[in-house]
Amino acid sequence: MKSLEDIYRDAGAYLEGHFLLSSGKHSQFYLQSAKVLENPKTAELLAEKLAKMIKDSGLKVDTVCSPALGGILAGYELARALDARFIFTERVDKVMTLRRGFEVSEGENILICEDIITTGGSALEAARAVEMSGANITAYAALANRGLCQRQGSISEAKSECKLPKNIPFFALDDFIFEIYDAENCPLCVDGSKAYKPGSRGN
Ligand code: ZN
């Protein structure tokens with residue numbers, strides 16, 4: 001099977017430019033997972049690989065929950081591969097919330113799935129939303145880790161920016177490690193270009 005990086009590159013999902021990430025940081029690269037997941041067969045293959053890692057760990061997962069919008073496709077496919085239920089959270093007045101009649105029971109084992117984990121901020125917000133209904137967060141998962149958090153089996157350690165709790169396992173297929181900058185000391189800004197949100201220019 002191709003490497004995850006090759007899958008992203010071949011799908012035109014490994015973008016180069018000057019990006020404003022949802023964390024507020026700047027980067028020369030951006031991973032547009034939607035371009036990879038537009039092919040359902042690829043999504044299925046990636047999710048099956050991720051599901052195998054999770055099953056092999058022996059974790060019990062009743063439900064996969066993703067923060068909208070980015071995590072939904074990956075989470076849905078992962079839920080299928082794990083034979084689990086799937087729900088998603090979305091922001092209402094900036095607060096991550098369960099809507100649409102989704103219910104969570106006391107003690108339900110929930111895995112939070114994103115497409116990419118950078119700081120894990122949105123994943124953590126989704127976790128908080130379902131924990132309020134009594135759920136038990138068993139793991140976090142993503143197709144790829146941007147290198148700030150430590151995924152299971154990787155030697156690269158979590159950085160201080162990682163918001164995921166250290167005592168809960170985080171599964172990802174691979175690390176995509178590239179520099180991200182604070183807006184104040186971004187070399188791309190120094191060169192005179194302006195950071196833009198991925199998606200705002202047709203990407
Ligand atoms: Zn910049």
Side-chain angles (χ1 to χ4, degrees), residues 2-39 42-43 46 50 66-75 88-97 112-129 140-152 154-166 170-203:
K2 283 194 287 188
S3 73
L4 191 63
E5 181 172 333
D6 283 345
I7 290 172
Y8 269 73
R9 287 191 186 282
D10 292 352
Y14 200 117
L15 309 180
E16 188 166 359
H18 182 188
F19 301 104
L20 173 61
L21 307 177
S22 56
S23 57
K25 295 182 187 288
H26 293 192
S27 173
Q28 189 179 356
F29 301 99
Y30 184 76
L31 300 167
Q32 183 56 276
S33 300
K35 282 293 291 173
V36 170
L37 301 173
E38 74 179 4
N39 182 339
T42 306
L46 294 174
L50 191 56
S66 294
L69 184 71
I72 290 181
L73 295 173
F88 61 88
T89 61
E90 55 202 302
R91 284 203 173 83
V92 179
D93 296 331
K94 295 186 180 167
V95 181
M96 204 66 94
T97 313
I112 305 290
C113 182
E114 267 279 25
D115 53 347
I116 306 280
I117 290 276
T118 305
T119 64
S122 304
L124 190 66
E125 287 176 59
R128 294 276 140 83
Y140 290 86
L143 298 177
N145 171 36
R146 281 288 315 277
L148 297 178
C149 295
Q150 185 176 25
R151 69 184 170 93
Q152 293 285 303
S154 170
I155 48 161
S156 71
E157 285 178 19
K159 310 287 185 292
S160 59
E161 292 96 330
C162 180
K163 293 177 179 162
L164 297 184
K166 288 197 171 63
F170 164 41
F171 297 90
L173 297 174
D174 208 348
D175 294 317
F176 272 122
I177 299 177
F178 37 76
E179 293 280 331
I180 56 173
Y181 313 102
D182 291 327
E184 307 81 67
N185 49 37
C186 167
L188 303 162
C189 286
V190 171
D191 286 347
S193 71
K194 199 171 176 313
Y196 57 93
K197 272 194 174 153
S200 63
R201 290 186 183 179
N203 55 16

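Computed from heavy atoms alone, side chains included, the values below leave out hydrogens, waters and symmetry copies. One-based numbering, in listed order, for ligands and for the atoms of each. Since this is a predicted model, take the numbers as computed values, not measurements.
The shortest distance between side-chain heavy atoms of F176 and L143 does not fall below 4.5 Å. Side-chain contact between I180 and H26: absent, with no pair of heavy atoms (C-beta onward) separated by less than 4.5 Å.
The aromatic rings of F19 and Y30 lie tilted to each other, with the angle between the two planes from 30° to 60°. A tilted orientation is assigned to the rings of F29 and F178, their planes being inclined by 30° to 60°.
Ion pair E38/K35 flagged as a salt bridge, since at least one NZ, NE, NH1 or NH2 atom sits closer than 4.0 Å to an Asp/Glu carboxylate oxygen.
For the Zn ion (ligand 1), the set of protein N/O/S atoms nearer than 2.8 Å consists of H18 NE2, H26 ND1, C186 SG, C189 SG, ordered by chain and number.
Residues meeting the disulfide (SG to SG under 2.5 Å) test with C186, sequence neighbours left out: none.
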